[in-house]
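Read the structure below first, then the notes.
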Amino acid sequence: MLRLENVTVAYGKHQALHRVSLEVAPGRTTVILGANGAGKTTLLNTIAGLVRPQPGGHILFEGRSIEAEPTHRMVAAGIALVPEGRRLFGQMTVMDNLRMGAYIRHARAAEERRMAGVLAMFPRLAERRGQLANTMSGGEQQMVAIARALMSGPKLLLLDEPSLGLSPLLVKDLFAALHKIKAQGQSLILVEQSVRQSLRLADYVYVLENGRIVRGGRPAEIEGDEAIQKAYLGLAGRRPQATSAATLAMPAGRLPETTDGMRRVRAAGGFRSLYARSVGAAPGAEPAAPKEERAMTGEPTFFANAAGGGFFHPFARSVGHKPTAPVCPAPASAAAPQAAPAVRREKIPTTGGFINPRAMNPQARPERL
């Protein structure tokens, strides 16, 4: 149906598309993936006739060269664009916007039939048919933009970021409508930021990078590519190792070390955070290395053991009790140490490790203020 051959587009000295070649089959959905600034919108605008390619490239639609045709002839030929940002007639009602989509001559004969079809596909528009377009929500405006394009009876529908700015619930409704449009045999070219949803809809995918087509294939092939996963799906990278049941059962002071020398921290309720820092050293926890040793080894000065009260802050240092000396086993021949004199605990300005000038140590003896 549509074929691009070595299409190059430049804005002054900036080359937005460089010798792009692709093909769209009839009745199929083609998805264009790419980062911001890759040239996706320029590609759709070039197909729609809003941007002129440089000499040497060709755009063939149903076997006819259209790269030099004006935009209104592109629409008459059967190419409709839903632009980014919707571009509705804001001071016109929903029905008037839809009728503008059927303005071309060949679409007027089937205007009433298509109107009934798009209102059945988007029931919300039937409810708001007399409302001004600029008073509608973003999702409703996007419905109007797609319905207006369908009113022209397009052979090829171009969609540029239709879910931009929509809530997740509206995105779900939008793609449900796109699946219905596809089921009717409509040919689609979709540029979309919701990559996973787009791959479920696509029959073929092209990856555009810096104005060049760098990859093309079936959705399963593209989704299985590690580079695509890293760039668009967020699946690359090392996953944290699962914590075993034996590890969870260990005491707070004897937690296993991770690969970077840190100790896993147990929060209240037995849950652990691999990245949290303790904000209160628990009694009986392992002592920290001397300050001089930590300075030499680069070890952080916070305590990575169970937090007092079970509260954690990932960037906090311990403000609880610090162990005074390492606990070493006494020789068998040594006499039993005398009991240390009782030390009265004074008020400390901490609760769970967080500074509170009005708080008392919950372990301190009650006394009259």
Side-chain angles (χ1 to χ4, degrees), residues 29 40-42 44-51 61 66 69-167 169-194 201:
T29 298
K40 305 185 299 297
T41 296
T42 297
L44 295 189
N45 289 341
T46 303
I47 296 173
L50 298 174
V51 177
F61 183 67
I66 61 172
E69 296 286 339
T71 303
H72 69 278
R73 291 188 180 177
M74 297 283 199
V75 178
I79 299 177
L81 171 66
V82 180
E84 181 181 352
R86 296 138 195 159
R87 308 289 182 87
L88 300 178
F89 300 101
Q91 297 300 319
M92 297 172 63
T93 64
V94 170
M95 295 299 291
D96 288 339
N97 270 275
L98 298 183
R99 291 191 181 98
M100 288 299 296
Y103 184 79
I104 56 177
R105 181 177 301 175
H106 77 82
R108 295 175 188 173
E111 178 179 346
E112 296 303 322
R113 176 177 58 83
R114 290 198 181 99
M115 182 73 73
V118 298
L119 292 180
M121 183 176 298
F122 301 104
R124 183 70 61 86
L125 302 186
E127 300 172 2
R128 309 291 180 89
R129 63 179 67 199
Q131 185 173 342
L132 296 181
N134 61 2
T135 64
M136 305 179 76
S137 67
E140 292 168 345
Q141 290 184 11
Q142 190 63 65
M143 295 176 190
V144 175
I146 296 175
R148 181 182 61 182
L150 292 174
M151 287 295 294
S152 66
K155 299 176 182 177
L156 178 63
L157 182 62
L158 312 178
L159 297 161
D160 191 3
E161 300 281 5
S163 73
L164 185 64
L166 303 186
S167 67
L169 181 60
L170 291 177
V171 171
K172 182 179 178 180
D173 294 340
L174 171 66
F175 274 91
L178 293 181
H179 279 280
K180 293 179 182 178
I181 295 172
K182 176 183 177 180
Q184 296 175 358
Q186 178 69 59
S187 301
L188 299 171
I189 297 182
L190 175 63
V191 168
E192 178 51 50
Q193 60 182 350
S194 299
L201 184 69

Shortest non-hydrogen separation from [X] to [Y] and the atoms involved:
X	Y	answer
Ala133	Phe89	CB-O, 3.7 Å
Leu170	Gly139	CD1-CA, 3.9 Å
Met136	Leu132	CG-O, 3.5 Å
Arg114	Leu150	CD-O, 3.6 Å
Leu190	Phe175	CD2-CE2, 4.2 Å
Glu84	Thr41	OE1-OG1, 3.6 Å

Can you tell if the side chain of [X] reaches within under 4.5 Å of the side chain of [Y], non-hydrogen atoms only?
X	Y	result
Leu88	Asn134	no
Met92	Val144	no
Leu174	Pro162	yes
Ile47	Leu158	yes

What is the distance from atom [atom1] of [X] to atom [atom2] of [Y], rounded to the nearest 0.5 Å?
X	Y	atom1	atom2	value
Arg129	Asn97	CZ	CG	14.5 Å
Leu159	Ile181	CG	CD1	7.0 Å
Asn45	Lys40	CG	NZ	12.0 Å
Gln131	Leu125	CD	CG	10.0 Å
Glu161	Leu166	CD	CG	10.5 Å

Between [X] (side chain) and [Y] (backbone), is there a donor-acceptor pair under 3.5 Å?
X	Y	value
Glu111	Arg99	no
Glu192	Ser194	yes
Lys180	Met121	no
Thr93	Asp96	yes

- Task: Starting from the C-alpha separation in whole Å, work towards a yes-or-no answer on side-chain contact (heavy atoms from CB on, under 4.5 Å) for Leu81 and Thr71.
- Result: CA-CA 10 Å; Leu81 171 66; Thr71 303; over 6 Å; no
- For Thr29 and Leu178, what are the C-alpha separation, side-chain angles and deciding distance, and is it a side-chain contact (heavy atoms from CB on, under 4.5 Å)? CA-CA 10 Å; Thr29 298; Leu178 293 181; over 6 Å; no
- Task: Please test Leu164 against Gln193 for side-chain contact (heavy atoms from CB on, under 4.5 Å), starting from the C-alpha separation and ending with a verdict.
- Result: CA-CA 7 Å; Leu164 185 64; Gln193 60 182 350; 3.7 Å; yes
- Results of side-chain hydrogen bond (donor to acceptor under 3.5 Å, both in side chains) for Thr42 - residues two or more places apart only: Tyr11
- Summary of side chain to side chain donor-acceptor pair (under 3.5 Å) pairs that have at least one residue in residues 136-156, sequence neighbours excluded: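 Found Glu62-Lys155, Arg86-Gln142, Arg124-Glu140, Arg128-Glu140, Ser137-Glu140.
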